[in-house]
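Structure first, then comments.
Just so it is clear: chains get the letters A, B, ... in the order the sequence lines come, proteins before strands, and each one is counted from 1.
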Amino acid sequence: MEKLQAVRGMNDVLPADSSKWEFFEATVTRVARQYGYRNMRAPIVEYTPLFVRSIGEVTDIVEKEMYSFEDKLNGEKLTLRPELTAGLVRAAVEANLTYNGPVRIYTLGEVFRHERPQKGRYRQFNQFDVECFGFDGPDVDAEIMILTARIWRELGIDDVRLEINSLGGLDERAAYRAKLIAHYEANLPALDDEAKRRLHTNPMRILDSKVASVIEVNQTAPVLLDSLQDESRAHFEGLQQLLREANVPFIVNPRIVRGMDYYNRTAFEFVTDRFGSPLTVCGGGRYDGLFEQLGGKPTPAIGFGMGVERVLMMLDDSTPVATLDAYIVHAGEAAQKKASALAETLRDAGLAVAQHGGGGSFKSQMKKADVSGARYALVIGDNEVAVGTVAVKPLRDGNGAAIQGEQAIITSSAVAAHLRA
RNA sequence: GCGGCCGUAGCUCAGCGGUAGAGUCCUGGAUUGUGAUUCCAGUUGUCGCGGGUUCGAACCCCGUCGGUCGCCCCA
């Protein structure tokens, strides 16, 4: 039989790794709720034009990274979502979600991009996503960055830095684009093929080039921030002021561009240097025009996506905390019945109790009890059944470290109280 | 999508033309119904997959799949 394998770039989360995922999900969910954000979920599959129209036709994501396909049953053109914002905005427009005023939402889910997989870059990956619909900022701009800073603290991550930029409005960006193209055309010989190719499709990407001659030309290139008009400038300065007041450190990086066309004004990234070259673990920005672009009413908005796998790479592989209160060791038919009944009683009392399955010697069962991480082993054998008692043996100390403990013989009705004491 | 490196036991890896190995894990025993450690014994496998060269291939060659690093891009 041919061995099957997972689709390239799409990974399993095995039980050994899942506690990290659960820790992350619990943390971000808790923090988002603390700021008054509510959960919302959109489908994984959307009609292809949604992404083409929102992300932009000439972006890398749309041009060469989307999982697009035709539904064989009805010929519809569908796409696995390459990001979360578009679907959420589509849903918000459809449900007229901002009818009663602005809303703050968060979501957590899989996204798909057909790239060559690498560490921290997968074809199916997960994002934690926060969106604010109907706020024109800059207060919510600062709020989502403050919220994110809190997430880093709660996750125990201290080596990410916040970089912010303003992309201006559409008209400002168009004016800047023209200036930029003029600058590069005046320095055409210094551009490499890659830069030349982008000159008229996405010139702002050239600012990110790592080619020496291009870097030199970029030194004298016009800066987008200089092209901002009063309103955008005030917005950007307001954001910086709020971040300072909240003691969230940041740097202004005029070269932040973002990969999706719908961004305007505020753009930001949280970046880490832990893995050699800079790695963006969270990125987002304002997209004030997107609702209208997707057929909704004018609705200012801002949001970000956080790469879950990338953040998880930054978390320690700390040994999972003991989650089981007790592990029941038993031998014989009568003992098994007692064990099952006791387990259910303890679960009724809110305790986490695993019952040994599959038989085996007391010794092997005790080994399983130890490996399970349970705080106590509960032993029921012929002797205990005969007199209606349970042997309770502590397996670890308050810190979860293994200990050699003496067992207590107590009546089965007193077990729950004993475990709690 | 392009280039470099790498795929051997569940895991970490050695072996690099001549009978597939170590540590760990797992199972049993020392321990008379009871988990660490220690000691003893035992099981790990189409050497990623397919083809070729050779008397003989885990080892050399080609292809392919997967991983990884750099580029590109991004979370």
Atom P, compared across B:rU53 and B:rU8: separation rounded to whole Å: 27 Å
Any N/O pairs under 3.5 Å between the protein and nucleotides 63-67 of chain B? List them or say none.
residue : atom : partner : partner atom : Å
B:rC65  : O2'  : A:Gln5  : NE2          : 2.7
B:rG66  : OP2  : A:Arg8  : NE           : 3.4
B:rG67  : OP1  : A:Gly9  : N            : 3.1
B:rG67  : OP2  : A:Arg8  : NH1          : 3.0

If we take the C1' atom in both B:rU24 and B:rU19, what is their distance in whole Å? 26 Å
More 5' along RNA chain B: A:Glu65 or A:His114, using each one's nearest nucleotide? A:His114
Got a donor-acceptor pair under 3.5 Å from the side chain of A:Arg121 to the base of B:rC72? yes
Value in whole Å for how far the C1' atom of B:rG35 lies from CG of A:Asp397: 15 Å
Taking B:rU54 as the reference, what is the distance to B:rC59 when you measure between their C1' atoms (whole Å, please)? 13 Å
When the distance from CD1 of A:Ile151 to P of B:rA75 is rounded to whole Å, what number comes out? 16 Å
How close or far is atom P of B:rU38 from atom CD of A:Gln404, stated in whole angstroms? 14 Å
Partner nucleotide of B:rG66 by Watson-Crick or wobble geometry (both distances under 3.5 Å): B:rC6
What integer number of Å spans the C1' atoms of B:rG70 and B:rC26? 40 Å
Taking pairing as Watson-Crick or G-U wobble with both contacts under 3.5 Å, can you name the mate of B:rG1, or confirm there isn't one? B:rC71
What residues form a side-chain contact (heavy atoms from CB on, under 4.5 Å) with A:Thr345, not counting sequence neighbours? none
Rounded to whole angstrom units, what separation is found between the CD atom of A:Glu131 and the P atom of B:rA75? 12 Å
Starting at CD of A:Glu110, measure out to CG of A:Leu80 and round the result to the nearest 0.5 Å. 10.5 Å
From CD of A:Glu309 across to P of B:rU68 the rounded distance in Å is 12 Å
Sidechain N-carboxylate O distance under 4.0 Å for A:Arg265, A:Asp288: no
Please state how far atom CD1 in A:Ile403 lies from atom P in B:rA36, giving the value in whole angstrom units. 14 Å
Spacing between A:Glu63 atom CD and B:rC72 atom C1', to the nearest angstrom: 13 Å
Between A:Gln127 and A:Pro394, just flag the one whose closest nucleotide in RNA chain B comes earlier from the 5' side. A:Pro394
My understanding is that only residues two or more places apart in sequence, or in another chain, count here; which of them pass side-chain hydrogen bond (donor to acceptor under 3.5 Å, both in side chains) with A:Gln336? none
Check this for me, if you would: do A:Glu115 and A:Lys64 make a salt bridge, where the nitrogen-to-carboxylate-oxygen distance has to be below 4.0 angstrom? no
Listed partners of A:Phe51 passing ring pair (Phe, Tyr, Trp, His ring centres under 6.0 Å), at least two apart: none
Result for salt bridge (Lys or Arg N to Asp or Glu O under 4.0 Å) between A:Asp370 and one of A:Lys363, A:Lys393, A:Arg396, A:Arg375 points to A:Arg396
Quote, to the nearest angstrom, the P distance that separates B:rG21 from B:rC47. 13 Å
Enumerate the ring-ring contact (aromatic ring centres under 6.0 Å, His included) contacts for residues 387-421 of chain A, please, sequence neighbours excluded, ordered by first and then second residue. none
The criterion is side-chain contact (heavy atoms from CB on, under 4.5 Å); which residues satisfy it with A:Val13, sequence neighbours excluded? A:Asp17, A:Ser18, A:Trp21
Could you measure between the two C1' atoms, the one in B:rC72 and the one in B:rG3, and give it in whole Å? 12 Å
Taking atom P in both B:rG45 and B:rC62, what distance in whole Å separates the two? 32 Å
Just the rounded figure in Å: distance from C1' of B:rA75 to CZ of A:Arg310. 5 Å
For B:rA30, give the paired nucleotide (Watson-Crick: N1-N3 plus N6-O4 or O6-N4; G-U: N1-O2 and O6-N3; both under 3.5 Å), or none. B:rU38
Identify whether any heavy atom of A:Ala377 sits under 4.0 Å from a base atom; if not, whether one sits that close to sugar-phosphate; answer base, sugar-phosphate or nothing. nothing
Set of residues satisfying side-chain hydrogen bond (donor to acceptor under 3.5 Å, both in side chains) with respect to A:Glu344, sequence neighbours excluded: A:Arg347
So A:Tyr122, base contact, sugar-phosphate only, or nothing? Heavy-atom distance under 4.0 Å. base
Suppose the criterion is ring-ring contact (aromatic ring centres under 6.0 Å, His included): which pairs have a residue in residues 103-131 of chain A, not counting sequence neighbours? A:Tyr67-A:His114
Does B:rC59 pair with anything, Watson-Crick or G-U wobble, both distances under 3.5 Å, and if so, with which nucleotide? none
One character per nucleotide, please: for nucleotides 25-33 of chain B, 5' to 3', B when the base has a protein heavy atom closer than 4.0 Å, S when only the sugar-phosphate does, - otherwise. --SS----B
Rounding to an integer number of angstrom, what distance separates B:rG23 and B:rA9 when you compare their P atoms? 16 Å
